[in-house]
Novice: 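I have a structure I would like to understand better, so I am pasting it below and will then ask my questions one at a time.
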Number of protein chains: 2
Amino acid sequence: MNRPTRSRSAAPAKVTLEMVAERAGVSPSTVSRILNGTAVVSPEKRTAVDEAIATLGFVPNPVARGLAGGRTFSVGVLTQAIDSPFYGAALRGIEGALGAAGYSPLFMSGHWQADEESRCIDVLRSRRVDGLIVLTGRLSDSALRSVARSLPVVVTGRRLKATNLVSLDFDHREGARQATQHLIELGHRRIAFIGGVAEHPDAVEREQGYRLALEAAGVRVDPALVVPGAFTEHSGVLAVERLLERRVRFTAIFAANDQMALGAALALYRAGKRVPDDVSLVGFDDVAGSLYAVPPLTTVHNPIQEIGELAARAMLALLAGEKARVEVPAPRLIVRESTRALGA
Amino acid sequence: MNRPTRSRSAAPAKVTLEMVAERAGVSPSTVSRILNGTAVVSPEKRTAVDEAIATLGFVPNPVARGLAGGRTFSVGVLTQAIDSPFYGAALRGIEGALGAAGYSPLFMSGHWQADEESRCIDVLRSRRVDGLIVLTGRLSDSALRSVARSLPVVVTGRRLKATNLVSLDFDHREGARQATQHLIELGHRRIAFIGGVAEHPDAVEREQGYRLALEAAGVRVDPALVVPGAFTEHSGVLAVERLLERRVRFTAIFAANDQMALGAALALYRAGKRVPDDVSLVGFDDVAGSLYAVPPLTTVHNPIQEIGELAARAMLALLAGEKARVEVPAPRLIVRESTRALGA
DNA sequence: CTGAAAGCGCTTACAG
DNA sequence: CTGAAAGCGCTTACAG
């Protein structure tokens, strides 16, 4: 063991609740109650305690609070990849909202694997987080419901009803419908679709939106135009290469996310096809890089940072025992420079 | 207070160290010592305890460990922006290395402001983290030294000697020198430089590298070619616009980071200048998006995920009371498609 | 090598 | 409205 030598010269001597109590001439219980707003306290004692806290510079020890009170003022956040341009924005929203309320997020990455996600939840639980925010992921609905039996849960990316659980669902289908319709309105009929990870609910809904828009416009869905992807830039490159190899004719591409759209743009560039002159391109999510792509990418805005904030606020509400009602913003298309009217 | 109703139907009943002790027929002290490897224990007791732990499914409560032992098995990570494409990779490296050792990272974003960074450190400290990893930032060396007097510190982006502190410094100057020299070797002489945040050490070093390479080649540094930036895509756009407005002649641009290079690429595109046909472009960092830019960006690889891992390992070493010796990889240029020989 | 005991810094029934 | 006391689940000197 490395002995904690504690040359307390720099760090402030730890001041405890007991010291505050003594200085204020009250019992520790009273100080605790004032801190937690747990009971009504006479004004005199309250000011005495407030003053003692201020002059002593007392900061409650969350570790002790956690042990004694069963609340750690931390909430677990199960993300899929902490370094994702997409989830990053959500984490930022969560960090801000939670921090403002004195809660700390504990981030873990599940890497899109249900078993890893379960392990993360175990760790988070052993850390005694007060609640759990799950950013999409592959866990089953019932697994989530079961977690919610012992821990408040907020989950994004699905519609799920359960006690002690709030779900925030963004309308991916509608977003994808808008994206596809935009291309149709520009005169495109041969619109390729690059799909996302097959089992992923977002991917499924986005493909539905694509089909919906085509059908509504009376355009037959040509299976040859639908190619699989994996939500990565590289998979976007491969998808376009496949389309090109097969000599499928298309004048536009709708990719199920921006990362794949960016990959598609590169593959088109390599093939000597210009965006939007030869091929119009639409993505989904509106990640930070899309605005600075060459050309700037037309895409569906996914308010992921806001969703992170909403998720955090919903969690705070659950923890306060309030009913959390959340309204997720509707998707909207951002038309930039990667799309153009056919033949224009 | 929201009463913890504890319908423990789903969650496993909490099993404590005491229960393990009882089942194994030893004292809690012994169980604790086995868990921590704190003392030599007879083989029989050890197996008895191991078995009890296994059958009971005991998981030590880190909160209690934190209170009693003064160690929380968590380390604070002061990043500047959790949603940064750049820091994201470092966080991933940290998460992996720490997690493998049973430690949890506590991430906070300082947003490039010394006062916010200080506040983050206060919060992290109040959370009783066992150590602190600081990813660059604006804190003064002495502030960091002072923190290190009471908490092990690992800091990236500077060279700093102090007890209880390890610094990992990447050679930005050399990287920038290589980038600039690459352009020189391609025949470029009129090489613009887009700088980073002025007070930022990385920015300073990268500019030094630029100047060094030019001087070594006997090329005069034309002040008109050096424009300020702020490490954001938008600032890259502005920088090129400024260059263009001033009618400064240049055949290549070296941007102090990839994000600015990407912004520069967009501004050039808007101005009808093609990369690399009309202007060669080099960035710095090799963030994920650079590989999929159109055209793929030539840049200096910054092994930021690896640096995150190294930082975490150094922290683990400090916590174990070992001497941490770390070797940061040298920078290396990645030539892609945004640079071309002058006149070719 | 191993226990009994005290203690980490709070919270919370339990009694006034 | 407010205290005294027990307890949260561990660790760690202190004694064998």
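Because only heavy atoms are used, hydrogens play no part in the values below, and waters and symmetry mates are left out as well, while side chains stay in. So that the names make sense, note that chain A is the first sequence line, chain B the second, and so on, each numbered from 1.
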Novice: Using the P atom as the point on both nucleotides, what is the distance between C:dC14 and C:dC10, in whole Å?
Specialist: 24 Å
Novice: What's A:Thr30 touching, base or sugar-phosphate or nothing? Going by heavy atoms closer than 4.0 Å.
Specialist: sugar-phosphate
Novice: Rounded off to whole Å, could you give me the CD1-to-C1' distance for the A:Ile34 and C:dC10 pair?
Specialist: 15 Å
Novice: Mind checking the C1' distance from C:dG16 to C:dT12? Whole angstroms is fine.
Specialist: 16 Å
Novice: For nucleotides C:dA6 and C:dT2, find the distance between their P atoms and express it as a whole number of Å.
Specialist: 23 Å
Novice: If you count the non-hydrogen atoms of other residues, nucleotides and ligands that lie under 6.0 Å from CD in A:Glu199, is the total more than 12?
Specialist: yes
Novice: Would A:Ser109 and B:Arg92 count as a side-chain hydrogen bond (donor to acceptor under 3.5 Å, both in side chains) if you check the C-alpha gap in whole Å, the side-chain angles of each, and the deciding distance to 0.1 Å?
Specialist: CA-CA 9 Å; A:Ser109 307; B:Arg92 178 184 188 135; over 6 Å; no
Novice: Checking side-chain contact (heavy atoms from CB on, under 4.5 Å) against A:Ser167, which of A:Val154, A:Leu160, A:Asp141, A:Val134 comes through?
Specialist: A:Leu160
Novice: Regarding B:Ser32, tell me which of base, sugar-phosphate or nothing describes its non-hydrogen contacts under 4.0 Å with the strands shown.
Specialist: base
Novice: From C-beta outward on B:Ala68, which listed nucleotide comes closest to its side chain: D:dC10, C:dC10, C:dG9?
Specialist: D:dC10
Novice: Please pick, from D:dG9, C:dT2, D:dT2, the nucleotide with the shortest atom-to-atom distance to any side-chain atom of B:Lys45.
Specialist: C:dT2
Novice: Can you tell me the distance, in whole Å, between the CZ atom of A:Phe58 and the C1' atom of C:dG9?
Specialist: 8 Å
Novice: The side chain of B:Thr16 lies closest to which of these nucleotides: D:dC10, C:dT11, C:dT2?
Specialist: D:dC10
Novice: Find the distance B:Arg33:CZ to D:dT11:P and express it as a whole number of Å.
Specialist: 11 Å
Novice: Closest to the B:Leu17 side chain: D:dT11, C:dT11, D:dT2?
Specialist: D:dT11
Novice: Between P on C:dT12 and CG on A:Leu35, what's the gap in Å once rounded to a whole number?
Specialist: 12 Å
Novice: Distance check needed: C:dC1 P versus B:Glu44 CD, whole Å only.
Specialist: 11 Å
Novice: Using purine N1 to pyrimidine N3 plus N6-O4 or O6-N4 for Watson-Crick, or N1-O2 and O6-N3 for G-U wobble, each under 3.5 Å, what pairs with C:dT2?
Specialist: D:dA15
Novice: What's A:Ser29 touching, base or sugar-phosphate or nothing? Going by heavy atoms closer than 4.0 Å.
Specialist: base
Novice: If you find the nucleotide of DNA chain C closest to B:Arg128 and the one closest to B:Gly25, which residue's nucleotide is nearer the 5' end?
Specialist: B:Gly25
Novice: For the residue pair A:Thr72 / A:Arg65, report whether a side-chain donor-acceptor contact shorter than 3.5 Å exists.
Specialist: no
Novice: Specify the separation, in whole Å, of atom CD of A:Glu18 and atom C1' of D:dA5.
Specialist: 13 Å
Novice: Reckon B:Asn61 has a side-chain N or O less than 4.0 Å from the OP1 or OP2 of D:dC8?
Specialist: no
Novice: Just how far, in rounded Å, is P of C:dC10 from CD1 of A:Ile53?
Specialist: 10 Å
Novice: Taking the minimum atom-to-atom distance to the side chain of B:Asn36, which one of C:dA4, C:dT11, D:dT11 wins?
Specialist: D:dT11
Novice: Output the rounded distance in Å from CG (A:Leu67) to C1' (D:dG9).
Specialist: 5 Å
Novice: Between A:Arg71 and A:Asp130 (salt bridge meaning N to carboxylate O under 4.0 Å), is one present in this structure?
Specialist: no
Novice: Measuring from A:Leu17:CG to A:Asn61:CG, what's the distance to the nearest 0.5 Å?
Specialist: 10.5 Å
